[in-house]
Amino acid sequence: MQDQLLRVSGLSAGTEDKPILQDVDLTVGAGQTHVLMGPNGAGKSTLGHVVMGDPTYIVSAGSIVFDGKDITEDSADKRSLAGIFLSYQAPVEVPGVPLYSYLRTITQKRPELKMTARKFRSRVGDIADQLDMNSSFLTRELNVGFSGGEKKKIEMLQLLLLQPKLAILDETDSGLDVDALSVVSRGIEAYRQDCDGALLIITHNTRILERLSVDRTHVMVQGRMVAEGPASLIDEIDAHGFEQFEHTGGEQQ
Amino acid sequence: MMPEHTIALERVNTPPAQTWNYLRANDISLMVPSRSRKGDVYFALPRLFGGVECGMGPQVTTWIESQSTDAQYVEVPAGQIRTEPIVASMDTGVMVRAGATATIVVCQDTKDAISQESAPLTSASLVRIIAERNAHVRVFEFVTATDVNQHVESVGIVAGKDAHIEVRQFFLGTQTSAAGLVCALDGNRSRLDLTCRYLARDTDTLDINHVVRQRGRLTRSEVHESGVLDGKAKKSLRATIDLIHGSSGSEGTELETVLMLSDDVTNKTMPVILCDEDDVAGNHGASIGTVAPEQIQYLRDRGLTHEEAEQLYVRALFDEALICAPNSAARDAVLRRATEVLGATVANDLIEGLGLSSLEEG
Ligand SMILES: Nc1ncnc2c1ncn2[C@@H]1O[C@H](COP(=O)(O)OP(=O)(O)OP(=O)(O)O)[C@@H](O)[C@H]1O
Ligand SMILES: [Mg+2]
């Protein structure tokens, strides 16, 4: 049990007037790479936000245990400090806050990342190079006016800076051109290697998975987990789509 | 007769077009100290500067002229690229000749504050700038002091043909601050980029008047104000873009973003676009409010509490002011204020982080 980093059991959640997730189970071991797939609107992003602690969604049943601790009732900032990171499918624009001020502030909240401002700058510079980003973006407002691909890179930058124990990457690859895609998948590799972090990758695109060795694949349809299997399940979905599971999903209801 | 120690500046800092007054935001009235300068030898600015319209209006100009011990005149010769910033005093005139480049720093200086018995302790700056054709002028204004009761800052700029004016204002001080700026885009294709960032907390009063007179053809103005209000602060902003007859092909944009961290703040905004020309465009946008819930959630997801997320917007003001500060006096002034607002730990981190400016240039 020790190596179970995340354990979601019997989780049902939704907005005030709409149930979205139903009886979801998901376990991710420390350092493992899992993939979550499913058709549009299945509830994948919702699961990511619920695990992160977004109060938009109300948990009506089940529990979330992270690193041996029940966090179902914890606020998002506590979960973040505990080591969960959710990369947004659509990162939020935050006008009035330069990226530099933001990155410095979120880093300083973490005792394990304490470093001088000077060291911090060079660390950010290194990661920016690694992600093929121009460091002039540091004085620009957080996510404001950045292209979709650039926003995804800013998410990656934070992932590499914060080095969480678990990273949930919600379509980190969508909207990226071929070059950016390879930069980002190298970033993901670096995260895996540098901090042996666990990954839950939500994606429609199997290219991003080519360089990674996937431990487990999960399929969600209509708010339910309908299948789980080894990496080969991805190829099956690639070839046949979600139809087979949609059927299962229907039956379970 | 006792000498008068106080005079009233009645309804100053007014916009060109007064609107119906139910908002009571058309102007501000201030009691200011008045000291006698009898016997002083005083050098006035060249007459040309008398014709420069200033943001807080003629009453304030007359008062500051009467209180200043001397006027400072600086001329940047044609074609010269002056890198050393010109530091404005209480009454300053700068002539930037054709094709020259200059940086002007207006940093609130409380050593020169005027004190007179019962009158509020007041600091003041009057800056008039003439930018000839093709000149490039950067103006930085920093109001950061906490050791005076009020500050009065009036700026007037005239831009010739193809001149480019950039203004960055940081109003971060306490108690009462009133600041006005007029930029006359007289020359064809002249342009203004004005960014104003402010913080008002507790019972601070901040009164801002921005006026752009677009006279030349094909002129451009971009005016962006944004700031944070907290506590029981009161802020009034009047922003006017005046597209004057003959300014064909000109375009002016004004945009304000206000973030209110408390329910007790008073925020008044009067944007006005005056238009006496067909072939022009005036745009105005505003977003006023508390931090959007999805923004807060994004910040919380990255480890900040609700309160820390809000404070990040305040820290950001200081980071930006520091990045912009062109000389050590301005930098020190901003840091002193940052220490009061954010605490020593964060302020020290800002100092260390100053290397950022080289990053920005690189
Ligand atoms: N805040 C919300 N308010 C109302 N409905 C919501 C909210 N968030 C999600 N939903 C709904 O819940 C369902 C699941 O959405 P979700 O974004 O989780 O799907 P997804 O699997 O991530 O889809 P995609 O592959 O298109 O990103 C959708 O029907 C969506 O409209
Ligand atoms: Mg999604």
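Just so it is clear: chains get the letters A, B, ... in the order the sequence lines come, proteins before strands, and each one is counted from 1. Quick caveat: nothing in here was measured; it's all calculated off a predicted structure. Both backbone and side-chain heavy atoms feed into the values below; hydrogens, waters and symmetry mates do not.
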Enquirer: Where on B:Thr257 is there a heavy atom nearer than 4.5 Å to chain A: the side chain, the backbone, both, or neither?
Expert: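 Looking at B:Thr257, nothing touches chain A.
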
Enquirer: Answer yes or no: is there a donor N or O on one side and an acceptor on the other, between the side chain of B:Arg302 and the main chain of A:Leu86, under 3.5 Å?
Expert: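 Side chain of B:Arg302 to backbone of A:Leu86: a pair is present.
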
Enquirer: Contact between A:Ser75 and B:His306 at the side-chain level, heavy atoms closer than 4.5 Å - yes or no?
Expert: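 Contact flag for A:Ser75/B:His306 side chains = no.
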
Enquirer: Which atoms form the tightest heavy-atom contact between B:Gly303 and A:Lys109, and what is the distance?
Expert: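 Looking at all heavy atoms of both residues, the closest pair is O-NZ, 3.3 Å.
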
Enquirer: Working to the nearest 0.5 angstrom, can you tell me the gap between A:Asp77 CG and B:Glu307 CD?
Expert: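 With rounding to 0.5 Å, CG (A:Asp77) is 12.0 Å from CD (B:Glu307).
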
Enquirer: In terms of heavy-atom proximity below 4.5 Å to chain A, should B:Gln311 be classed as side chain, backbone, both, or neither?
Expert: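 Answer is neither: B:Gln311 stays 4.5 Å or more from chain A.
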
Enquirer: CG of B:Asp202: more than 12 outside heavy atoms within 6.0 angstrom?
Expert: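 Yes, enclosed.
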
Enquirer: Would you mind reporting whether A:Tyr100 and B:Ile323 have side-chain heavy atoms less than 4.5 Å apart?
Expert: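 A side-chain contact under 4.5 Å is absent here.
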
Enquirer: Quick one: which of A:Leu162, A:Thr105, A:Leu81 has the most heavy-atom pairs under 4.5 Å with chain B, could you say?
Expert: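 Highest number of pairs under 4.5 Å: A:Thr105.
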
Enquirer: Could you label the plane-to-plane angle of the A:Tyr102 and B:Tyr298 rings as parallel, tilted or perpendicular, counting under 30° as parallel and over 60° as perpendicular?
Expert: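 Rings of A:Tyr102 and B:Tyr298: parallel, as their planes differ by under 30°.
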
Enquirer: So which atom in A:Ser101 and which in B:Leu312 form the shortest heavy-atom distance, rounded to 0.1 Å?
Expert: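 Of all heavy-atom pairs spanning A:Ser101 and B:Leu312, the closest is O-CD1, 3.7 Å.
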
Enquirer: Got B:Gln297 and A:His49 here, is their nearest side-chain heavy-atom distance under 4.5 Å?
Expert: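 No, too far: nothing below the 4.5 Å cut-off.
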
Enquirer: What residue, out of B:Leu299, B:Asp301, B:Val228, has the most heavy-atom pairs lying under 4.5 Å from chain A?
Expert: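 The candidate making the most pairs under 4.5 Å is B:Asp301.
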
Enquirer: Report which part of A:Pro95 has an atom under 4.5 Å of a heavy atom belonging to chain B: side chain, backbone, both, or neither.
Expert: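 Its backbone and side chain both get close to chain B.
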
Enquirer: At a 4.5 Å cut-off on heavy atoms, which part of A:Tyr88 comes close to chain B: side chain, backbone, both, or neither?
Expert: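 For A:Tyr88, the contact with chain B is made by backbone and side chain together.
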
Enquirer: If I measure from the heavy atoms of chain B, does A:Glu141 come under 4.5 Å with its side chain, its backbone, both, or neither?
Expert: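 Answer is neither: A:Glu141 stays 4.5 Å or more from chain B.
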
Enquirer: Give a yes or no on this: more than 12 heavy atoms of other residues, nucleotides or ligands lie within 6.0 Å of atom NZ of A:Lys151.
Expert: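 Check passes, neighbour count above 12.
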
